[in-house]
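Below you'll find the structure, written out as structure tokens, and then a few comments.
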Amino acid sequence: MSEKSPDRRIARTQNALWTALQGLLQSHSWDDITIKMICARGDVARSSLYAHFDTKLDLLDFGFSTVLGDLRPLAETNTTASGTFVTTDWMVDHILGNPGFFMRVSRSQSDLVLFSRFTKALEGLLAHELTAKGITATATTVTFCIGGAFAIVRDHIETRAATAPTTLKARLADQIRKALP
């Protein structure tokens, strides 16, 4: 029996909505973004959005799942000589690509939902990566590791440290290893 390939129209609509949401997040807080704004920016009918997502949170979760889902196979097979983690390596690259956005979102009450969903998505990816590497970690430990990684990256940005991203990634990996049993 052959697998049915996904409908390209569905993928195109979902990607247009996700791209629209990402664009809006650059200039608006999470609380200020409406379904109407997302649809207008994505040039997608409101009924089409609701055919795929019940809420803007569902769209956000879809986006995080898509982006981080693409990293899952790499997290399963990564055995870098540097001993870093795919999850935190990606996180560093992502945050340092737009540090002002990270600082705003991580500190804003109106962006709390966005930041907490991002945190949970990263926790899921790190838990998956650790399991794939044969490392047992509790959910509390994974939460602690991601929270610590955020704190280190935030400090890096605030102090305008001249540390190279590879050095920062190695520091995060060391912190994670120290937290593991």
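Taking hydrophobic clusters as Ile, Leu, Val, Met, Phe, Trp and Tyr residues chained together by side-chain heavy-atom distances below 4.5 Å, Ile10 does not share a cluster with Val44. Leu112 and Val105 fall into different hydrophobic clusters, where Ile, Leu, Val, Met, Phe, Trp and Tyr are joined by side-chain heavy atoms under 4.5 Å apart, directly or via other members.
In this structure, Lys120 NZ and Thr143 OG1 are separated by 4.5 Å, a value rounded to the nearest 0.5 Å. Taking CH2 of Trp30 as the reference point, atom CG of Leu60 lies at 4.5 Å (rounded to 0.5 Å). Between the OG1 atom of Thr87 and the CD1 atom of Ile176 there is a distance of 7.5 Å, given to the nearest 0.5 Å. Rounded to the nearest 0.5 angstrom, Asp89 CG and Thr84 OG1 are separated by 3.5 Å. Between Cys145 atom SG and Leu180 atom CG the span is 5.0 Å, to the nearest 0.5 Å.
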Problem - Full working for side-chain contact (heavy atoms from CB on, under 4.5 Å) between Leu126 and Leu122 - result: CA-CA 6 Å; Leu126 181 59; Leu122 286 173; over 6 Å; no
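Among residues two or more places apart in sequence or in another chain, the side chain to side chain donor-acceptor pair (under 3.5 Å) test is passed with Arg12 by none. For Gln109, there are no side chain to side chain donor-acceptor pair (under 3.5 Å) partners two or more places apart in sequence or in a different chain. A search for side-chain contact (heavy atoms from CB on, under 4.5 Å) contacts involving Ala127 returns Val142, not counting sequence neighbours. By the side-chain contact (heavy atoms from CB on, under 4.5 Å) test, Ile157 is found to be paired with Ile95, Leu96, Pro99, Phe102, Met103, Val153, residues two or more places apart in sequence or in another chain being considered. For Met37, the side-chain contact (heavy atoms from CB on, under 4.5 Å) test picks out Leu24, His28, Thr34, with sequence neighbours left out. Remark: Asp31 pairs with no residue by the side chain to side chain donor-acceptor pair (under 3.5 Å) rule, at least two apart or across chains. Arg46 meets the salt bridge (Lys or Arg N to Asp or Glu O under 4.0 Å) test with no other residue; sequence neighbours excluded.
Without hydrogens or angle criteria, Thr88 side chain to Met91 main chain gives no donor-acceptor distance under 3.5 Å. Judged by distance alone, the side chain of Lys56 and the main-chain N or O of Leu21 form no donor-acceptor pair under 3.5 Å. One N or O on the side chain of Glu129 and one on the backbone of Val86 form a donor-acceptor pair closer than 3.5 Å.
Closest non-hydrogen pair, Ala20 versus Arg41, comes out as O-CD, 3.5 Å.
Residue pairs meeting the salt bridge (charged side-chain N to carboxylate O under 4.0 Å, His left out) criterion with at least one partner in residues 97-106, sequence neighbours excluded, are Arg104-Asp111. Under the side-chain hydrogen bond (donor to acceptor under 3.5 Å, both in side chains) criterion, the residue pairs touching residues 15-27 are Trp18-Gln22, Gln26-Asn98, with sequence neighbours excluded.
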If you look only at distance, which donor and acceptor atoms sit under 3.5 Å apart when one is on a side chain in residues 162-174 and the other is two or more places apart or in another chain?
| unit_1 | atom_1 | unit_2 | atom_2 | d |
| --- | --- | --- | --- | --- |
| Lys169 | NZ | Asp93 | OD1 | 2.9 |
| Lys169 | NZ | Asp93 | OD2 | 3.1 |
| Asp174 | OD1 | Arg177 | NH2 | 2.7 |

Name each donor-acceptor pair under 3.5 Å that joins a side chain in residues 47-54 to protein atoms two or more places apart or in another chain, with its distance.
none

Side-chain donor-acceptor pairs of residues 63-75 under 3.5 Å, sequence neighbours excluded:
| unit_1 | atom_1 | unit_2 | atom_2 | d |
| --- | --- | --- | --- | --- |
| Thr66 | OG1 | Phe62 | O | 2.8 |
| Arg72 | NH2 | His128 | ND1 | 3.1 |

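With contacts defined as side-chain heavy-atom distances shorter than 4.5 Å, the pair His156/Ile152 does not qualify.
Ring orientation note: the planes of Phe115 and Phe118 are tilted relative to one another, at an angle of 30° to 60°.
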